[in-house]
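Worth knowing before you read on, the calculation uses all heavy atoms, side chains too, and leaves out hydrogens, waters and symmetry mates. When a residue number appears, it is its place in the shown sequence, counting from 1.
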Amino acid sequence: NRDLQWDKRVVFETVDASQEALTVLKRLIDGLHVRREKLAGLLESDALCAADLAEHLVERGVAFRQAHEIVGKVVAFAERSSVRLGALHLADLKRFSESFGPAALTLTDPRRSVARKPLLML
C-alpha cells in the first residue's frame, strides 16, 4: 500500500534512534558507581521532602503548579527562619495554604520520604 510508504521511513528512523539511545543508556548504567557511604549524608537535608508536600497538596485538589509555588515559599520560609521542615507546625504550613492537612506533618522526615518511594535496586 503506497499510503504506508511514507510512514516506514519515520518508523525505521525511530527504531534506529531508540537503539542508539539504549546503547548509550547501557554504557551509562554499566559505568555507574553508587557511593552508598554518601547516601546517608544526603538524608540530612529535608529539602527532598518538598516534593512530598507538593504531592500532598495535589492530592487535596491544588493544581501542581500552584502546589509547587506554595511549597517553594514554605521551604524559603524554613530556610530564612533556620528551621527544618520537620519542625514546622500545621499552623505554619496553613499560613501558606489552607489545603495543608495534618498528614502533611508526617511528610517532612527525609528517611520516611525515601521509604515511601519505590526503590531501584542497584
Looking only at heavy atoms, which two atoms of [X] and [Y] are closest? And how far apart?
X	Y	result
L85	C49	CD1-CB, 4.5 Å
R111	E44	NH2-OE2, 3.8 Å
F77	R95	CZ-NH1, 3.4 Å
K94	E98	NZ-O, 3.0 Å
L48	V114	CD1-CG2, 4.4 Å
T108	P110	O-CD, 3.6 Å

Pairwise distance CG(L22) to CG(L28) - rounded to 0.5 angstrom: 12.0 Å
Nearest-0.5 Å distance, CD of residue Q19 to OG1 of residue T23: 7.5 Å
R116: side chain to side chain donor-acceptor pair (under 3.5 Å) partners, not counting sequence neighbours: D52
State, with a plain yes or no, whether a side-chain heavy atom of [X] is found less than 4.5 Å away from one of [Y].
X	Y	value
V74	D92	no
L53	F100	yes
L107	S113	no

Throw together a table of side-chain donor-acceptor distances under 3.5 angstrom for residues 56-72, partners on residues two or more places apart or in other chains.
unit_1 : atom_1 : unit_2 : atom_2 : d
H56    : NE2    : G101   : N      : 3.0
R60    : NE     : S99    : O      : 2.4
E69    : OE2    : K73    : NZ     : 3.4

Side-chain donor or acceptor of S81 paired with backbone N/O of A78 under 3.5 Å: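 Judged by distance alone, no pair lies under 3.5 Å.
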